[in-house]
A.B. asks: 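The structure is given below, and queries will be raised subsequently.
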Amino acid sequence: MSLRRNVAFFGALLVAAVLAFLLSPLAGMKGYSPLDVISGALSSADHGIFWKVRVPRVLLSLLAGAALALSGMTFQSMFRNPLATPYTLGVASGGSFGAALTLKLGLTFSLAGLPASSIGAFLGCLLAVTLVYGVTRLKHGFSTATMLLAGVAVGFLFSSVLMFLQYMSDFAETFRIVRWLMGGLDIVGYRHVLELLPLVLVGGAVVVLHVRELNLLVTGDDLAAGRGVDVVAVRRRLFFATSLMVGGVVAACGPIGFVGMMSPHICRMIIGSDHRLLAPAATLFGAVFLTVCDTVARTIIAPAEIPVGVITALLGGPFFLWLLTRGSTERG
Amino acid sequence: MGLTGNSRGSDGCAPLHGPGPGTTGERAGGPQTPVVQVEGVSVSFGRKPVLHGVSARIRKGAHVAIIGPNGAGKSTLLKAIDGLLPLAAGQVSLQGRPLASWSRKEIARLVSYVPQADGRTLPFPARDFVMMGRYPHLSPLSAVSSLDREAVNEAMRVTGTERFAERRVDTLSGGERQKLFIAAAIAQGAEVLLLDEPTTFLDPKHQADVLGLLARLNKERGVTLLTVTHDINSAALWADEILALREGRIAWSGPAEDAMDNRVLGAVFDHEFRFATREDGKRFVLPEGGGRA
């Protein structure tokens, strides 16, 4: 019975999320015992590491993973293609460019509590998505192949501009940009978490309010419009929402690939394509997945640390190939 | 009655002859408002014009087949009626009100576009797919009500799709899918169905099934049908009225039986047809080939 399977899956995801939240901060270069944390037996240095480095980092990974997975799901469903994600469509590159530009220009203003880099990343994402969508719409009919190609092209475009930015930067700046492009969750304090939280909450809420429309978009734009969906308006809102989330994540941790592609796809294989279930499942899965990847990234070769983007890409690359060879690039 | 040619469509008031589609139900002294009215509609794809000043009135409860050669603009006309395409000129009205003043949900409660049940991926159970037809009746935060469930059950019962209600749509046969698409349109509560080649890829049995279902919906429930088809015989034998398009203009319109003539069909399709008469007196087109030059 599929109901039982769904309940089991959600149960497992919830348990995994709680475990990831509770256990992940304990692991790292130096492991902590939960008893020490609870009884307050940590030294003041360890206390600082645990509460000011590990816990915010885990919170950020949960939040970023959730946002990336939800954004990935939205793109995959809107474009009816499992390979369409903010990352593959060049949206994350646009965000990276926007954020890097604000860093390079030394913009430090903040607007409504959001730092310039978040705003730059958000605008970059929006620009990329508009470009990709605009190019795709130019040709009569909506072809997924055109869109993926446009995404790749736009991604390249932003990457080369980014490269130019790096070239124009001094050694230290270049290193910062390169390191940041690998994606990383190494933050100190709660500032990044608090900056990302409202973006994810607003963007996520918009997506969740459109689960019915996403279901209909999966059936095709013509059927969706025929059922009463204002396809253009819904797409615009969802672009905005995902740009908000992806821009926020990119600004806080750099472009982290593949979480947004794999998480919704794996969830879809288990609980199906109904977005009323898929949206919460992908959100939880992405959160857990990125947290686990990050935990691995900072423990596997401790005391050194691998950027989390390397881990997700190592897992994601083969998954991407598997998807391709499975021939599941659905028609647009 | 007869063929009008293409020239007269370009002036923005396409010809309708004799009773014409939808006009048969009108009575002198009190013409009822047509459920669909198309006035001088032109549509272009990029620079390529597809429809030129097409006009038609579709009466409530009519069963109209839209025929014509490939590229005549048949599917475009259906989509234009449902407001799925921007018009370059002209106006579509539903129940006498211009389409522009309707919201998408309002349109969907009256009209449902039923595309071909092609090979698109539909990863949903059949019942969930039909339930999506209830979308225009739901507000963003409202849950599905018992009324919605009842509408879905009824639509599936009428269309005979209950027996595969729990199966995934993309595991169904072409005929089953087509019936399911119609079921979703019924659940949508639409009084006008715009069907785009509903029987093209179906075997003879499923063709008859789907056409029979549509005829019943039309006769018993008063559903207005506009069906684009390449099958002249199904148009002539099942529909009451025919609207023939050629090169983006209305070439002919009138009662279905009057179309079965080379003066009409021959000119619309630029092809000489051979006709025969069935035992009930209805004329049909004989198949081509089979040893003839």
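Since this is a predicted model, take the numbers as computed values, not measurements. Scope of the values below: all heavy atoms of this structure, side chains included, with no hydrogens, waters or symmetry mates. Chain letters run A, B, ... following the sequence lines, proteins first, then strands; residues in each count from 1.
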A.B. asks: About how many Å separate CZ of Arg227(A) and CD of Gln188(B), when rounded to the nearest 0.5 Å?
C.D. replies: 5.0 Å
A.B. asks: Heavy-atom pairs under 4.5 Å with chain A are the metric here; pick the option from Phe124(B), Tyr135(B), Phe129(B), Tyr113(B) that has the most.
C.D. replies: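 Most heavy-atom pairs within the cutoff with chain A belong to Tyr135(B).
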A.B. asks: Could you tell me the separation between the CZ atom of Arg212(A) and the CZ atom of Arg134(B), rounded to the nearest 0.5 Å?
C.D. replies: 11.5 Å
A.B. asks: Less than 4.5 Å to any heavy atom of chain A: does that hold for the side chain of Val111(B), its backbone, both, or neither?
C.D. replies: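 Interface part for Val111(B): backbone (N, CA, C, O).
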A.B. asks: Under a 4.5 Å cutoff for heavy-atom pairs, which residue among Gly220(A), Gly272(A), Gly228(A), Ala224(A) has the most contacts with chain B?
C.D. replies: Gly228(A)
A.B. asks: Are there residues of residues 148-179 of chain B whose heavy atoms fall under 4.5 Å of chain A's heavy atoms? If so, which?
C.D. replies: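 Heavy-atom contacts from residues 148-179 of chain B to chain A are absent.
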A.B. asks: Could you list the residues that satisfy side-chain hydrogen bond (donor to acceptor under 3.5 Å, both in side chains) with Thr242(A), not counting sequence neighbours?
C.D. replies: none
A.B. asks: Report which part of Val231(A) has an atom under 4.5 Å of a heavy atom belonging to chain B: side chain, backbone, both, or neither.
C.D. replies: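 Neither part, no heavy atoms under 4.5 Å.
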A.B. asks: Rounded to the nearest 0.5 Å, how far does CG of Asp128(B) lie from OG1 of Thr219(A)?
C.D. replies: 12.5 Å
A.B. asks: Taking the side chain as every heavy atom from C-beta outward, state whether Arg268(A) and Pro123(B) have any pair of such atoms under 4.5 Å apart.
C.D. replies: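 No. Closest side-chain heavy atoms not under 4.5 Å.
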A.B. asks: Of all the residues in residues 93-107 of chain B, which have a heavy atom that comes within less than 4.5 Å of a heavy atom in chain A?
C.D. replies: Arg104(B), Lys105(B)
A.B. asks: If I take atom CG from residue Asp222(A) and atom OG from residue Ser75(B), how far apart are they, to the nearest 0.5 angstrom?
C.D. replies: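 Answer rounded to 0.5 Å: 10.5 Å.
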A.B. asks: Scan residues 199-231 of chain A for pairs that pass ring pair (Phe, Tyr, Trp, His ring centres under 6.0 Å), counting only residues two or more places apart or in two chains.
C.D. replies: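 Of all non-adjacent pairs touching residues 199-231 of chain A, none passes ring pair (Phe, Tyr, Trp, His ring centres under 6.0 Å).
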A.B. asks: Compare every heavy atom of Gly226(A) with every heavy atom of Asp82(B), then report the nearest pair and how far apart it is.
C.D. replies: OD2-CA, 3.8 Å
A.B. asks: Do you know which of Asn215(A), Asp230(A), Val218(A) has the most heavy-atom pairs with chain B at a distance under 4.5 angstrom?
C.D. replies: Asn215(A)
